[in-house]
Every structure is written in structure tokens, then in C-alpha cells.
Amino acid sequence: MTSDTVDDTYLKIRSMEIRGAGRIARAAAEALKKRALEASASTAPELFRELASDGQRLKEARPTAVSLPNSVNFVLTGASKGLERGLSLGEFRELVVRLCDEFIERSTNAVAVIGEIGSRRIVDGDIVLTHCNSEAAIHVLLTAHNQNKAFKVIVTETRPRYQGRITSAILAKEGIDVTLIPDSACRLYMHEVDKVVVGADAIASNGAVVNKIGTSTIALVAHETRTRFYVAAETYKLSPKTLLGELVEIEERSPYEVVSERWLKKNRGIKVRNPAFDVTPAEYIDLIITEQGVFPPQGIVFLMKELYPEPSKVDWR
Ligand code: RUB
């Protein structure tokens, strides 16, 4: 885990040196903890103001993964309650450190529990397809592998950043039978696939899942062949603002992740788009696997209402 400053963490998240919804959420909590420990503020309210401004900056590092604002909000909401109780600077600092540690611990445990719950869906002989590089999805596969289940995994490359290579290397290192395929080959292989397991950057109240670009195409193809489609996601991937009808912003990254600057200069007049995520509607998803159990996507709203009884009070910006 990083012990970077807020600025370092912001830049690493932006440049994707730290990436994946769970990891960026934990990195933000880690950066706030470091700030709380090292800030020169002389009063608790002063430290809170610094943390709030740092939290705002961290939230702006990437727009889609709701885990990032949810992590910052977890810390700041707890901290503001401490402030209301009139804590001294020392007590307030301790509280913030505790909150950051608590988020990181809960997040790490959630991924392990998802691995355990999700692994029950994998049986001997399965061929499982996964996309991008999701810790939660990988934990499902690694846990099933540790239970000595014999299954194979197909991993899509995940252009333009090739996160599929990271996933296939992790799985192969653990001795899982892995095949890496181009994203565009997913329909050709889907008839062999028994289950798809992917992660999520954000889950909307209507059960739609926002994940790496290409996920919705895979879901569509899985739907065609009646292949089970599972999403493995911690509950801090639930987007409270969608309870109020707000949409999840889809990050658009540099065209130079798709083509080189040189190529584009030589081929003027071509527009290059590079959306980083897409939206898979609930009807293409069979199950959302969380640390609080499994939910049909249409039922996720009940969990969201429990976790966010007053969504209008959540500061998601
Ligand atoms: C990563 C991605 C992952 C989710 C879930 O996108 O789409 O599937 O973030 O990951 P990027 P995890 O590489 O652009 O960050 O389960 O690790 O939170």
C-alpha cells in the first residue's frame, strides 16, 4: 500500500499508476491518513479543512469509479462527526487515522469475502471469461483455484491499456490454465464459456454496472449464448447519487492511448475517442456478488437504500 502524499496519490491515480476501483479507494484513504499524521494544522477544525480540500482533490483524480468519493466521504463524514464532538487536535488526528485504517481494512476484507462467496459459483470443468483487471473478480478465481477446483480462464486483452495482460499473468503464476484473447474475439469464444466474472467501478440504483470499456459488449454476447454473467464488487462501488437519478460520468481518456501522436499528426482529420468505461444494463447481469451476499441486479437498490438512507446528504462531488 502506498504511503504517498495527497499530490503523489492524485497524480498516480490520474496517470493510472494506481488503478482499479478498489485500489484507488484504498490509496486515497492512505493519502488522507498520511496527511492527518503530517499536517502542521494547529487546531482540529483547521486540519479538517485541509483534509476536506485534499479529499476534494483526490475525488477529482478520476471521475468514474465511485469507490474513490465513497472512500473519501467515509473518512470525512466520520471526521466531521468527531469535530462536532469538540475533539482536541490530537484526538481528531487519531480519529482520522482510525477511519482511514478502518476503510482500508474493510475494503481488503470485502475482497476476500467476495472471493469466498463468488468461488461457490465456480465448478470443476468450467471455462470462465474475465475482462480487464479486477481484484474482486480475480479473488473469485483464485479462491476457487485454492479449493482445488479445475477450471480454465479466458482473459480479454482489454485495449487500449491491456489490463488483461496483468490479469492473465497473475492467474498463470498461480497455476491456473489461462488463455489471453483479443477483445474482438469474445463472440468467437463465448460458446465455450460457462461463466463471465467481471468487476465494477460503479453500480447504479437500477442495477446497471459501469466497468471497463468492452464489458457491455461481452455481456451482450453472453446474453446471446445464455452464459451466466456475474459482477464481483464491494459495496462501496454502489453509487448513492444514482438513487437521485444522477448518472455516472464515463471517463474519456487521451486519444494517444489508442494511436500515437505521430500517427495522428500524419493522419489529420481523424477523430479518436477513448472512453474508459461503459454501462451494462441490469438485464444482462445475472448476479452481483458483494461482501454482503449476492443480489440480482434489480434488487441492489434495496441494499443501496439501507447503506444510504439519505442520499441527498452525500457529498459526491
Ligand atoms: C479497472 C476496471 C476494473 C474495476 C474493478 O479500470 O475497470 O474492472 O475497477 O476493479 P482501470 P477492482 O484499469 O481503468 O482503473 O475489482 O480491482 O476494484
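The basis for the numbers below is simple: all heavy atoms, side chains too, and nothing from hydrogens, waters or symmetry mates.
A donor-acceptor pair under 3.5 Å is absent between the side-chain atoms of Ser168 and the main chain of Val178, judged by distance alone. The main-chain N or O of Thr235 is found under 3.5 Å from a side-chain atom of Glu291 such that the two form a donor-acceptor pair. In this structure, the side chain of Thr290 engages the main chain of Gly293 through a donor-acceptor pair within 3.5 Å. Between the side chain of Asn206 and the backbone N or O of Ala208, at least one donor-acceptor pair lies under 3.5 Å. Although no hydrogens or angles enter the test, the distance criterion places no donor-acceptor pair under 3.5 Å between the side chain of Thr156 and the main chain of Asp183. Checking side-chain atoms of Asp126 against main-chain N and O of Val123 turns up a donor-acceptor pair under 3.5 Å. No donor-acceptor pair closer than 3.5 Å links the side chain of Asp54 to the backbone N or O of Val6. The backbone N or O of Val198 lies less than 3.5 Å from no partner atom in the side chain of Ser134, so there is not a single donor-acceptor pair. A donor-acceptor contact shorter than 3.5 Å is absent between the side chain of Ser107 and the backbone of Phe103.
Criterion: ILVMFWY side-chain heavy atoms under 4.5 Å apart, direct or through other members. Under it, Ile218 and Ile213 are not part of a common hydrophobic cluster. In the hydrophobic cluster analysis, where Ile, Leu, Val, Met, Phe, Trp and Tyr join through side-chain heavy atoms closer than 4.5 angstrom, Tyr230 is grouped together with Ile122. Residues Val314 and Val75 fall into different hydrophobic clusters, defined by Ile, Leu, Val, Met, Phe, Trp and Tyr side chains chained together at heavy-atom separations under 4.5 Å. Using a 4.5 Å cut-off between side-chain heavy atoms of Ile, Leu, Val, Met, Phe, Trp and Tyr, with links allowed through other members, Phe92 and Leu32 fall into the same hydrophobic cluster. By the criterion of side-chain heavy atoms lying less than 4.5 angstrom apart, applied directly or through intervening Ile, Leu, Val, Met, Phe, Trp or Tyr residues, Tyr308 is grouped together with Val209 in one hydrophobic cluster.
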Can you list the steps and then say if Leu89 with Thr43 is a side-chain contact (heavy atoms from CB on, under 4.5 Å)?
CA-CA 5 Å; Leu89 176 62; Thr43 63; 5.8 Å; no

Can Asp7 and Arg57 be said to form a side-chain contact (heavy atoms from CB on, under 4.5 Å), step by step?
CA-CA 8 Å; Asp7 277 347; Arg57 180 158 164 74; 2.9 Å; yes

Can you list the steps and then say if Val272 with Asn274 is a side-chain contact (heavy atoms from CB on, under 4.5 Å)?
CA-CA 7 Å; Val272 179; Asn274 185 17; 5.5 Å; no

Could you please spell out the steps behind the side-chain contact (heavy atoms from CB on, under 4.5 Å) verdict for Met190 and Val193?
CA-CA 5 Å; Met190 193 56 83; Val193 174; 3.8 Å; yes

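Here CG of Leu99 is found 4.5 Å from CG of Leu95. Values are rounded to the nearest 0.5 Å. Put simply, CG on Leu142 and CD1 on Ile176 are 5.0 Å apart, with the number rounded to the nearest 0.5 Å. The SG atom of Cys186 lies 6.5 Å from the CD1 atom of Ile181; values are rounded to the nearest 0.5 Å. Rounding to the nearest 0.5 Å gives a distance of 14.5 Å between SG of Cys132 and CZ of Arg159. Atoms CG and CG, from Leu171 and Asp177 in turn, are 10.5 Å apart once rounded to the nearest 0.5 Å. Summarising the geometry, atom CG belonging to Asn133 is positioned 8.5 Å from atom OG1 belonging to Thr158; distances are rounded to the nearest 0.5 Å.
Side-chain N/O atoms of Thr225 and His191 include no donor and acceptor closer than 3.5 Å. Between the side chains of Ser88 and Glu91, a donor-acceptor pair is found at a separation under 3.5 Å. With 3.5 Å as the limit, one finds no donor-acceptor pair spanning the side chains of Tyr236 and Ser71.
For the side chain to side chain donor-acceptor pair (under 3.5 Å) test with Ser119, the passing option among Gln147, Lys149, His139 is Gln147; the others fail. Under the salt bridge (charged side-chain N to carboxylate O under 4.0 Å, His left out) test applied with Arg62, the options Glu251, Glu249, Glu17 reduce to a single match, Glu251. For the salt bridge (charged side-chain N to carboxylate O under 4.0 Å, His left out) with Asp4, the qualifying choice from Lys33, Arg35, Lys12 is Lys12, the only one to do so.
We find that Lys152 and Glu192 are not joined by a salt bridge, their nearest charged nitrogen and carboxylate oxygen being 4.0 Å or further apart. Arg228 and Asp286 are joined by a salt bridge, as a carboxylate oxygen and a charged side-chain nitrogen come within less than 4.0 angstrom of each other. Remark: Lys34 does not engage Glu30 in a salt bridge, criterion side-chain N to carboxylate O under 4.0 Å. Salt-bridge check for Arg98 with Glu102: failed, with every basic side-chain N at 4.0 Å or more from each acidic carboxylate O. Salt bridge present: Lys237 and Glu234 bring a charged side-chain N and a carboxylate O closer than 4.0 Å.
Side-chain contact between Glu224 and Arg187 is present, with at least one heavy-atom pair separated by less than 4.5 Å. Ile203 places none of its side-chain heavy atoms less than 4.5 Å from the side chain of Met304. Between Val248 and Thr64 there is a side-chain heavy-atom pair separated by less than 4.5 Å. Put simply, the side chain of Val140 reaches to within 4.5 Å of the side chain of Ile114, judged on heavy atoms. In this structure, Phe48 and Leu87 have side chains that are not in contact, with every pair of non-hydrogen atoms separated by 4.5 Å or more. At a threshold of 4.5 Å between non-hydrogen side-chain atoms, the residues Pro240 and Val66 count as touching. Considering only heavy atoms from C-beta on, Pro45 comes within 4.5 Å of Arg49 through its side chain.
Not a single side chain to side chain donor-acceptor pair (under 3.5 Å) links Glu105 to another residue, sequence neighbours left out. With sequence neighbours excluded, the residues satisfying ring pair (Phe, Tyr, Trp, His ring centres under 6.0 Å) with Tyr284 are His223.
Nearest heavy-atom pair, Leu68 versus Ala61, reported as atom, atom and distance to 0.1 Å: CD2-CB, 4.4 Å.
Using cut-offs of 30° and 60° for the angle between ring planes, the His145 and Phe151 rings count as perpendicular.
Both tests do not hold together for Lys195 against Phe229: distance to the six-membered ring centre under 6.0 Å, angle to the ring axis within 45°.
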